[in-house]
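Accompanying notes for the structure given below.
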Amino acid sequence: MSIKIVDDLRSSISNTGFDGPGFGGNEFAIKRNRIVFAVPALTDALRARKETSLAVIIREEIARMIESGALLPGAWVNEAELAAQFGVSRGPVREACRGLEQHGLLNFVVNRGAFVRQIDIAEAAELYDIRSALFSLAGRSLAPVISDAGLAKLDTLVVAMDEAAAHGDLETYYPLNLQFHRAILELCGNQRLLTAYQNCVRELHLFRRHALVTRERMSHSNAEHKAIVEALRNRNARKVSRLMEAHVLQAKERVCHAAP
């Protein structure tokens, strides 16, 4: 298990509001690349926040593994291995996997278990069309109300992406790109829109992880980000909407054109 996934799990646990010694205190051991929780700490944390299911935490972590490429489309999801990594029984892992099946990220095969779902180019094209419409709506909603703090957050991400693109560092650029898009959805303040958009993005990871594969493409994509931020700064809702729709549709063209 990579340090990033461990850190993401630690962050997920902390964000649930758990403050027991095994969660808020981050007291879990990593042995042979597996996360091992102290059972009493886990029990205390669950008692503190009964309404938060352990399966939800695990579901989000598996979803992030799919998003990061740690679990690729078509891969078998080894419930026993994940249970060992998370230091829990297989029950919560199985429940988490069933939840991901409902979200369209996993498929269950009789007598074989869960597999990361694969989508074809036609499904991906449909998802990009939906994503472009949702992103456009977010921009149109955000432009009249974005704060200086919101603009500063987007500026910071754009600068970080510029640096990553200049070094051809896709592994750094890609998560920053996701953060930029998500930040816009979060800033517009429409939770249902954010949920719909994130579900769409997660499904697209079942087709192809990276639409941006060269330094030039990263730079071009970030130039589009800069134009979006400037339009937001000028409170030009119509222009923001148009730019954000075009941004996603251009990614669609790159990805679908590159697909075999």
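None of the values given here were measured: they were computed from a predicted structure.
- Residues Met65 and Phe86 approach most closely at SD-CZ, 4.5 Å, considering heavy atoms.
- Between Ala165 and Met218, the shortest heavy-atom distance links the atoms CB-CB, 3.8 Å.
- We find that Arg217 and Glu253 are not joined by a salt bridge, their nearest charged nitrogen and carboxylate oxygen being 4.0 Å or further apart.
- Note on residues 131-154: pairs passing ring-ring contact (aromatic ring centres under 6.0 Å, His included), not counting sequence neighbours, are Phe135-His181, Phe135-Tyr197.
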Report task. Go through the steps for Val201 and Leu178 under the test side chain to side chain contact (heavy atoms under 4.5 Å, CB included), then give the verdict. Result -> CA-CA 9 Å; Val201 169; Leu178 293 178; 4.2 Å; yes

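- One hydrophobic cluster, built from ILVMFWY side chains closer than 4.5 Å, holds both Leu187 and Leu151.
- Across every non-hydrogen atom of Val240 and Ala143, the tightest pair is CG2-CB, 4.2 Å.
- Remark: side-chain polar atoms of Ser241 are not paired, donor with acceptor, to backbone N or O of Ala237 under 3.5 angstrom.
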Query - side-chain hydrogen bond (donor to acceptor under 3.5 Å, both in side chains) evaluation trace for Glu224 with His220 - result: CA-CA 7 Å; Glu224 294 172 2; His220 180 74; 3.0 Å; yes

Please table the atom pairs, donor to acceptor, closer than 3.5 Å between any side-chain atom in residues 95-114 and protein atoms at least two apart or in another chain.
unit_1 : atom_1 : unit_2 : atom_2 : d
Arg98  : NH1    : Glu101 : OE1    : 3.2
His103 : ND1    : Gly99  : O      : 2.8

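- Grouping the Ile, Leu, Val, Met, Phe, Trp and Tyr side chains by contacts below 4.5 angstrom, directly or via other members, places Tyr174 apart from Val159.
- The ring-ring contact (aromatic ring centres under 6.0 Å, His included) pairs that include a residue from residues 152-171 number zero, where partners must be two or more places apart or lie in different chains.
- A donor-acceptor contact shorter than 3.5 Å links the side chain of Thr195 to the backbone of Gln191.
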Report task. Start with the C-alpha gap between Leu154 and Ile228, add the side-chain angles, then the distance that decides, and say whether side chain to side chain contact (heavy atoms under 4.5 Å, CB included) holds. Result -> CA-CA 10 Å; Leu154 297 178; Ile228 288 169; over 6 Å; no

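- Here the CG atom belonging to Leu243 is positioned 9.5 Å from the CD atom belonging to Gln250, to the nearest 0.5 angstrom.
- In this structure, Leu232 and Gly139 approach most closely via the heavy-atom pair CD2-O, 4.2 Å.
- Across His225 and Asn177, no two heavy atoms sit closer than the pair CE1-OD1, 3.0 Å.
- One distance of note links CG of Leu194 with CG of Asn190; it measures 8.5 Å at 0.5 Å rounding.
- One distance of note links OG of Ser132 with CD of Glu245; it measures 5.0 Å at 0.5 Å rounding.
- Looking at every heavy atom in both residues, Cys188 comes nearest to Leu185 through SG-O, 3.1 Å.
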